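Following: one structure in structure tokens, then a few remarks.
For clarity, every value in this text was computed on a predicted model and none was experimentally measured. For this chain, numbers begin at 1 and follow the sequence in order.
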Amino acid sequence: MTLQKIGGLAALACAATYLFGFVFLFTVLAPLGFASGNTDASAVVAFIDAQPGLLIVFNTVIYILNAFALAVLVVALDARLKSSTPDWATITRALGLMWATLVLGAGMMANVTVEHAAALFVIDPIQAAEDWAQLQVVELGLGGGNEIAGGVWILLVSIAGMMGRSLGKITIGVGLLTGAGGLATLVPAIGDVAGAIFGLGAIAWFIAVGLSLTFAQRAFKEPMTAAQT
């Protein structure tokens, strides 16, 4: 299996983690206020005490699994873009791996927060809620509450794909819109709307990229290694 096909499967895995996150958010976590942005910390820690494994699964899928799949996709796209836009490929690789690192860090922080809240709840539920709320801010700062890093990466990959004609027009168009949505999360007044645009757009973009890398008719040569030369 080539790097391009592995990258395509990684992109589809990223899309799957986003879809899982949306479904879980608007069903299981909606009563806790997650979907509305007005999360009830007391309700969350009570939920953790009753079913701690559910939030661990949620965080692991949307953050940790996504981060590992994203890192593979970043490397595959770097190889794809390098043949026509080598300088842009190098930049996107650095920014993409930076985003994957932030996502992984957010997931590790989120799971540690759940474990801390679960242990503290049996002793002091009020303090557990306060600690959870404070630690969640760190999680959101790393990657759960804004989409700047992801927006910049998708935007630049799309621009590079357009310049080098290494990605399809639909993929590029969706990527430009998604990237702009990620950057718009910087504006508090439209942050929630921009975040939704980024999330939904990212699902479509990951699927488009995944299909492109996995089933592309045109073969893109990957850079030769020293051993091959």
Check the pair Leu9, Met1 against side-chain contact (heavy atoms from CB on, under 4.5 Å), reporting the backbone distance first and the verdict last. CA-CA 11 Å; Leu9 294 176; Met1 185 178 289; 3.8 Å; yes
Just wondering, do Asp40 and Val44 contact through their side chains at under 4.5 Å, heavy atoms? no
Is there a chain of hydrophobic side chains (I, L, V, M, F, W, Y, each step under 4.5 Å between heavy atoms) that links Val72 to Phe206? no
If hydrophobic clusters are built by linking Ile, Leu, Val, Met, Phe, Trp and Tyr wherever their side-chain heavy atoms come under 4.5 Å apart, do Ile6 and Ile207 end up in the same one? no
Closest non-hydrogen atoms of Trp205 and Val157, given as atom of the first, atom of the second and distance, are CZ2-CG1, 3.8 Å
If you look at every heavy atom in Ser212 and Arg80, which pair is closest and at what distance? OG-NH2, 3.2 Å
Path from Phe47 to Val112 over hydrophobic side-chain contacts below 4.5 Å: no
State, with a plain yes or no, whether a side-chain heavy atom of Ile64 is found less than 4.5 Å away from one of Asn111. yes
Please round to the nearest 0.5 Å and tell me the distance separating atom CD1 of Ile159 and atom CG of Leu81. 11.5 Å
Sequence neighbours excluded, every pair satisfying side chain to side chain donor-acceptor pair (under 3.5 Å) that has a member inside residues 122-131: His116-Asp131, Gln127-Asp131
Could you tell me whether the side chain of Asn59 and the main chain of Leu55 form a donor-acceptor pair under 3.5 Å? yes
Output for pair (Thr17 OG1, Leu70 CG), nearest 0.5 Å, gives 9.0 Å
So that I know where these two stand, are Trp88 and Trp153 an aromatic pair - ring centroids less than 6.0 Å apart? no
Please assess Leu213 against Lys5 for the test side-chain contact (heavy atoms from CB on, under 4.5 Å), listing each intermediate value before the final yes or no. CA-CA 6 Å; Leu213 294 179; Lys5 287 189 176 181; over 6 Å; no
Taking all non-hydrogen atoms of both residues into account, name the closest pair between Ile48 and Val114 and its distance. CG2-O, 3.7 Å
Indicate yes or no for a side-chain donor-acceptor contact from Thr90 to the backbone of Pro86 under 3.5 Å, with no hydrogens or angles considered. yes
What about Val61 and Phe58, same hydrophobic cluster or not, with Ile/Leu/Val/Met/Phe/Trp/Tyr joined at side-chain heavy-atom distances under 4.5 Å? yes
For the residue pair Ala149 and Trp99, what are the closest heavy atoms and their distance? CB-CD1, 3.8 Å
Flag side-chain contact, heavy atom, 4.5 Å: Tyr63 against Glu139: yes
Validation row: Val57, Thr60 side chains within 4.5 angstrom (heavy atoms): no
Around Ile126, counting heavy atoms of other residues, nucleotides and ligands shown, do more than 12 lie under 6.0 Å from its CD1? no
Between Asn66 and Tyr18, does a side-chain contact (heavy atoms from CB on, under 4.5 Å) hold up when you go through it step by step? CA-CA 8 Å; Asn66 177 271; Tyr18 272 59; 3.3 Å; yes
Evaluate the criterion side-chain contact (heavy atoms from CB on, under 4.5 Å) for residue pair Trp132 and Phe121; output intermediate values, then yes/no. CA-CA 10 Å; Trp132 182 88; Phe121 183 85; over 6 Å; no
Has Ile170 got more than 12 heavy atoms of other residues, nucleotides or ligands less than 6.0 Å from its CD1? no
Rounded distance [0.5 Å steps], CZ in Phe68 versus CG in Leu73: 15.0 Å
Ser158 versus Leu176, closest heavy-atom pair with distance: OG-N, 3.7 Å
Would Val174 and Met162 show up in the same hydrophobic cluster when neighbours are defined by side-chain heavy atoms closer than 4.5 Å? yes
Could you check whether any side-chain N or O of Thr101 sits under 3.5 Å from a backbone N or O of Leu97, counting only pairs where one atom can act as donor and the other as acceptor? yes
Calculate, to the nearest 0.5 Å, the distance between atoms CG and CZ belonging to Leu25 and Phe20 respectively. 11.0 Å
Give a yes or no on whether the backbone of Thr185 and the side-chain of Glu147 come within a donor-acceptor separation of less than 3.5 Å. no
Hey, what do you get for CG (Leu102) to CD1 (Ile148), rounding to the nearest 0.5 Å? 10.0 Å
Return yes if some donor-acceptor pair links the side-chain N/O of Thr171 with the main-chain N/O of Val209 below 3.5 Å, else return no. no
Nearest 0.5 angstrom please: Leu19 CG to Leu200 CG, how far? 9.0 Å
Where Ala69 and Ala10 come nearest, the two heavy atoms and their spacing: O-CB, 3.3 Å
